[in-house]
Visitor: 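Dropping a structure here in structure tokens format, bear with me for questions.
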Amino acid sequence: MNDHTRDDSADELGVNAYNVARIQEKWLARWDELKPFSTSDPADNRPRKYILDMFPYPSGDLHMGHAEAYTLGDVIARYWRQQGFNVLHPIGWDSFGLPAENAAIKRGIDPRVWTYDNIAQQRSSMRRLAASFDWDRVLHTSDPEYYKWNQWLFLKLYEKGLAYRKASWVNWCPHDQTVLANEQVVDGRCERCDNLVTKKKLTQWYFKITDYADRLIDDLKQLEGFWPSRVIAMQRNWIGRSTGAEVDFRVDGRDAAVTVFTTRPDTLYGATFMVVAPDSDLAAELVAASTPEVQKNFADYLETVQRTSEIDRQDDSRPKTGVFIDRFAINPVNGERLPIWVADYVLADYGTGAIMAVPAHDQRDLDFAITFDLPVRVVIDTNAPITGAIPIITPEQLEAGEVPPLDPKATGVPLLGDGRMINSGSLDGLSKANGQAKMIELLQAQGIGRAAKTFRLRDWLISRQRYWGTPIPILHTDDGDEIPVPFDQLPIELPGTEGLDMQPKGTSPLGGATAWRDVTLPDGRVAHRDPDTMDTFVDSSWYFLRYLSANDATQAFDPAEAEKWAPVDHYVGGITHAVLHLLYSRFITKFLFDEGLISFTEPFGQLLTQGMVQMNGSAMSKSRGNLVKLSDQLDEHGSDAVRLTMAFAGPPEDDIDWADVSPAGSAKFLARAWRLSGDVTSAPEVEWKTGDVALRRVTHRLLADAPGMIEALKFNVVVARVMELVNAIRKVIDSGAGPADAAVREATELVAVLLSLFAPYTAADMWERLGYPPGIETAGLRKPDPTLLVEDQVTAVIQVDGKVRDRLEVSPTIDSDELEALARASEAVIRSIGDREIVNVIVRAPRVVNIATK
RNA sequence: GCGGGAGUGGUGAAAUGGUAGACACGCAGGAUUUAGGAUCCUGUGCCGAAAGGCGUGUGGGUUCGAGUCCCACCUUCCGCACCA
């Protein structure tokens with residue numbers, strides 16, 4: 001007969017029953033009153049931690065993914081609080097953006113209404129989830145108090161020449177009727193609405209992130225071990241640095257040379273033609289001076305190219321197309337006349353928009369040469385042996401004459417490997433690497449080329465032709481002047497939506513706000529505000545600094561506060577921002593460092609990219625019919641059970657399939673743990689030392705292990721260990737030393753303190769039932785007693801030839817000889833050895849004996 | 001093609017080179033119950049009646065000892081990709 005079961009059914013009021021709703025209600029009210037997570041005391045001299053969750057976009061209520069992210073961040077925040085740190089754990093809303101505007105259009109309301117309603121709902125869900133946020137530092141990027149500082153940031157960049165306007169072919173989403181940054185085009189489609197992206201030539205604002213490309217790639221080294229390797233790899237990929245050389249080619253009938261970029265300067269003697277991107281200025285210029293026939297062919301070709309969708313264009317199995325434009329370039333190393341072609345496999349905005357084609361040693365060039373029957377010249381003998389490298393051709397192959405032919409045009413396979421240079425004048429005989437170095441030297445000496453690198457990263461296009469964003473603080477005069485709005489006139493607030501045509505039409509709705517738009521300058525000229533708004537990724541590129549001075553009306557952030565708190569110690573969020581937000585934030589951080597406003601160059605120390613919450617193997621969505629609503633889960637199981645399930649499901653970076661986990665099981669466990677707090681009959685002052693030693697050992701082993709496991713983010717294992725402890729306590733209460741034993745209290749208190757990270761309501765209530773005033777949040781983990789970490793008995797494993805044959809219970813201090821003797825005496829071991837000869841005995845007292853036989 | 005991961009029971013998952021499968025879910029049996037989808041207990045990798053054997057994607061290697069380290073391969077997921 002168990003007392004706890006009788007209590008449950010006997011108490012009609014449920015005071016002794018684990019009543020989730022009652023416990024939640026009670027503690028929510030207390031926490032509102034006590035504000036245990038405020039960081040407003042400037043005299044607080046505890047060590048500090050800055051724990052940050054990526055702030056949400058208010059697109060409705062919180063969903064399961066939010067719940068996971070906020071649970072994980074909250075466990076980290078609550079842990080460091082338990083460890084005696086002053087923990088800053090703020091929250092805010094990324095509240096500008098398209099969905100609000102689209103919802104507003106659909107319903108004929110102001111986007112503010114939709115946005116702030118959703119924020120209120122999300123805020124209440126976060127409170128219910130018991131996320132330990134500091135509610136005094138809340139920010140919304142759509143508040144003028146926030147976006148004023150976006151405009152400040154823009155002007156800072158503008159001052160330094162890092163915000164500029166240029167005309168260029170840009171990504172255009174025909175559905176959202178706005179331009180997109182490269183990072184927002186996914187597989188040729190709009191990241192937001194999934195429609196095919198087209199190209200448009202427009203004059204737009206850019207941030208010059210490419211000035212920081214080297215630092216953005218080099219500083220990734222600092223993040224190794226702190227960021228997931230795949231995020232680092234994705235950023236490295238995205239920035240895409242290639243090193244090689246620029247080579248200047250003279251062109252017949254043109255004064256200036258044409259410069260090409262190549263990663264293979266060693267193959268310059270193998271160049272047999274030149275290719276120019278069809279949509280480049282260079283192509284247009286070269287064609288303009290060519291024959292009328294060429295001009296017509298080119299015009300036709302350009303039109304075809306521009307009709308090709310981004311997706312088709314990227315299909316590399318597509319046959320090569322192009323037109324010869326009857327112009328010639330001169331190879332600077334051998335004076336050969338190379339025909340110039342225009343082809344869409346060369347991109348206008350990468351490198352210089354023109355390449356030297358070396359078909360013998362490049363697949364694309366070879367495909368093109370074969371299609372148009374252009375000459376192919378091998379300049380590296382890839383069959384020739386290279387000292388110190390693994391030979392591609394074995395001596396046996398050489399002997400038998402089985403040597404691959406050096407004839408790419410016949411085989412269709414370019415020679416990409418290493419070898420010895422041929423047909424290359426003074427470079428003959430060199431290896432690939434030496435040939436590259438030597439060629440760069442030669443080019444440099446003659447002033448016709450130089451070492452160079454180029455990036456895949458493009459400048460960040462930040463203009464958007466939409467309403468719900470930060471107005472760009474620039475005035476345009478009719479005579480074409482660009483006038484930055486003075487700092488003291490910020491913020492430029494968004495006008496109301498009244499009277500504005502909000503329909504997407506390719507130009508910003510703000511262009512129609514005439515009263516807002518037209519400004520008379522001090523010199524009497526009339527200027528117009530820039531009608532575009534900023535990409536919302538500008539808002540989120542520095543928000544982690546705004547939290548530090550969230551209510552400061554005089555500056556974006558106080559450098560002294562940044563010095564105190566930043567950079568962020570732990571950043572938690574989805575992998576979806578591996579490139580976008582994280583790259584932009586790193587860029588802006590480096591810029592602010594250069595401005596002398598902060599003293600660090602990377603914004604986020606540890607990055608935890610949590611997995612996704614799925615249902616039956618795929619991402620949840622209404623259309624798939626597998627949507628699990630967070631609010632339903634919270635209603636059904638309670639916040640603690642949902643949080644615990646998130647933490648227990650597996651490693652935090654792994655996906656969780658909600659069909660595979662058991663919130664009901666979590667709730668069951670929490671009830672079981674909670675009941676312990678009612679069973680404990682000893683007083684808080686009880687003398688620990690008198691307690692059951694076996695249970696104390698379990699408790700103290702967990703005290704010793706928990707911090708390391710939590711800091712390694714092994715939350716699932718910590719929860720498992722707490723479950724083990726709960727099982728052990730239950731046994732001692734029911735069939736051991738009983739509920740009055742000191743070890744029962746000691747262990748139950750540890751259960752409560754560790755559960756306070758995962759299940760704060762249950763833990764707070766347990767703490768109260770254990771006889772303490774509110775404050776479990778900072779109760780702390782006691783130091784483990786080292787004498788209790790030594791076991792009184794260990795299991796020694798006896799192996800024969802590496803296979804376990806017996807297990808012996810021995811003293812942990814047993815010496816090797818004694819253990820070996822015991823092992824040799826074991827029945828099972830003797831039987832297993834049989835009549836074989838023992839050749840070696842390895843003894844690792846007290847754990848292992850391995851007897852090797854022959 | 002380039003880059004980064006991952007392969008362990010029916011399922012989610014554990015495991016400083018030293019007892020593989022901790023802790024759960026599920027399932028089976030039992031106790032208590034008018035009943036239980038509550039609570040508690042027991043069992044549960046596979047084969048085998050048992051003794052025992054076999055087991056961490058495959059094949060090699062290092063080691064007294066390998067899920068863990070090394071090499072090759074297979075399968076899978078993700079990111080980038082006509083990037084010169």
Side-chain angles (χ1 to χ4, degrees), chain A residues 1-2 4-6 8-9 17 186-187 228-238 240-242 244 260-264 267 275 277 313-318 320 343-347 349-358 361-365 367-368 416 454-457 575 578-579 645 648-651 653-666 668-669 671-672 675 708 714 716-727 730-731 734-735 794-804 806-807 831-832 839-844 847-853:
Chain A
M1 164 66 71
N2 298 321
H4 51 274
T5 55
R6 193 188 53 218
D8 283 3
S9 51
V186 179
D187 291 332
S229 49
R230 66 169 169 155
V231 174
I232 292 174
M234 281 161 78
Q235 293 223 352
R236 200 167 271 141
N237 245 320
W238 187 264
R241 178 165 60 192
S242 351
V260 304
F261 173 77
T262 177
T263 54
R264 295 292 305 275
T267 62
V275 186
R313 206 190 59 74
Q314 287 179 4
D315 175 9
D316 53 7
S317 64
R318 201 166 58 100
K320 290 281 181 290
D344 68 352
Y345 82 92
V346 171
L347 309 175
D349 62 354
Y350 186 78
T352 61
I355 64 157
M356 63 180 217
V358 185
H361 304 287
D362 181 276
Q363 184 71 61
R364 297 149 300 176
D365 295 345
D367 292 345
F368 193 83
L416 303 175
T454 186
F455 297 89
R456 214 187 70 98
L457 182 71
I575 189 76
V579 175
T645 304
F648 184 55
E653 58 277 11
D654 287 6
D655 291 343
I656 298 174
D657 195 319
W658 204 247
D660 289 335
V661 295
S662 173
S666 299
K668 196 170 104 177
F669 163 72
R672 195 172 142 83
R675 278 195 300 271
K714 294 177 164 190
N716 55 329
V717 186
V718 177
V719 173
R721 292 287 296 276
V722 176
M723 287 172 169
E724 266 179 328
L725 184 57
V726 166
N727 291 341
R730 184 80 264 152
K731 271 214 173 77
D734 288 351
S735 50
V794 299
T795 306
V797 174
I798 316 301
Q799 302 176 327
V800 176
D801 295 324
K803 290 189 176 171
V804 179
D806 203 359
R807 295 182 171 91
R831 191 167 357 109
S832 166
V839 291
N840 194 8
V841 180
I842 306 289
V843 184
R844 292 280 179 273
R847 293 280 176 194
V848 175
V849 177
N850 191 6
I851 301 171
T853 70

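Each chain gets a letter, A, B and so on, in the order its sequence line appears, and its residues count up from 1.
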Visitor: Is a side-chain N or O of Asp362(A) found less than 3.5 angstrom from the main chain of Ala357(A), in a donor-acceptor match?
Guide: no
Visitor: Would you indicate which nucleotide in G52(B), C25(B), A13(B) comes nearest to any side-chain atom of Arg831(A)?
Guide: G52(B)
Visitor: So, the side chain of Asn716(A) versus the backbone of Ala649(A): is there a donor-acceptor pair under 3.5 Å, distance only?
Guide: no
Visitor: Please give, in whole Å, the distance from C25(B) P to Asp660(A) CG?
Guide: 14 Å
Visitor: Determine the interatomic distance between C1' on G5(B) and the same-named atom on A20(B); round to the nearest Å.
Guide: 23 Å
Visitor: Nearest-Å distance, CE (Met723(A)) to C1' (A14(B))?
Guide: 13 Å
Visitor: Where the side chain of Phe648(A) is concerned, which of A24(B), A84(B), C80(B) is the nearest nucleotide?
Guide: A24(B)
Visitor: Measuring only the P atom in each nucleotide, how far is C27(B) from A38(B)? A whole number of Å is fine.
Guide: 11 Å
Visitor: Going by a 90° cut-off around 0, is G9(B) syn or anti?
Guide: syn
Visitor: Taking only the side-chain heavy atoms of Val804(A) (C-beta and beyond), determine which of A20(B), A22(B), A84(B) contains the nearest atom.
Guide: A20(B)
Visitor: Identify which nucleotide among G5(B), C64(B), C41(B) has an atom closest to any side-chain atom of Arg730(A), counting heavy atoms from C-beta outward.
Guide: C41(B)
Visitor: Output the single nucleotide from A14(B), G4(B), U39(B) whose closest atom is nearest the side chain of Lys668(A).
Guide: U39(B)
Visitor: Test Asp344(A) against Arg318(A) for side chain to side chain contact (heavy atoms under 4.5 Å, CB included), laying out the working first.
Guide: CA-CA 11 Å; Asp344(A) 68 352; Arg318(A) 201 166 58 100; 2.8 Å; yes
Visitor: Between C78(B) and G30(B), how far apart are the two C1' atoms, rounded to whole Å?
Guide: 48 Å
Visitor: Within this structure, what is the CD1-to-P distance between Ile656(A) and A24(B), rounded to whole angstrom?
Guide: 18 Å
Visitor: Just compare C82(B), A84(B), G5(B) and give me whichever is closest to any side-chain atom of Arg318(A).
Guide: C82(B)
Visitor: In whole angstrom, give the distance that lies between atom CH2 of Trp238(A) and atom P of G3(B).
Guide: 19 Å
Visitor: Closest to the Lys731(A) side chain: C54(B), U42(B), A84(B)?
Guide: U42(B)
Visitor: Look at the side-chain N and O atoms of Asn727(A) and state whether any lies under 4.0 Å from the OP1 or OP2 oxygen of A24(B).
Guide: yes
Visitor: Sticking with atom P, work out how far G4(B) lies from G10(B), rounded to a whole angstrom.
Guide: 33 Å
Visitor: What interatomic distance, in whole Å, is found between C1' of A15(B) and the corresponding atom of C80(B)?
Guide: 35 Å
Visitor: How long is the line joining CZ of Arg230(A) and C1' of U76(B), in whole Å?
Guide: 14 Å
Visitor: Partner lookup for A35(B), please. Criteria are Watson-Crick or G-U wobble with both distances under 3.5 angstrom; report none if nothing qualifies.
Guide: none
Visitor: Output the single nucleotide from G4(B), U19(B), C80(B) whose closest atom is nearest the side chain of Ala233(A).
Guide: G4(B)
Visitor: Would you mind telling me which of G12(B), G18(B), A22(B) lies closest to the side-chain atoms of Asn850(A)?
Guide: G18(B)
Visitor: Would you kindly give the CG-to-C1' distance between Asn237(A) and C78(B), to the nearest whole Å?
Guide: 12 Å
Visitor: In terms of side-chain heavy atoms of Lys714(A), which of A15(B), A84(B), A13(B) is nearest?
Guide: A15(B)
Visitor: Of all heavy-atom pairs between Thr263(A) and Ser242(A), which one has the smallest distance, and what is that distance?
Guide: CG2-CB, 3.8 Å
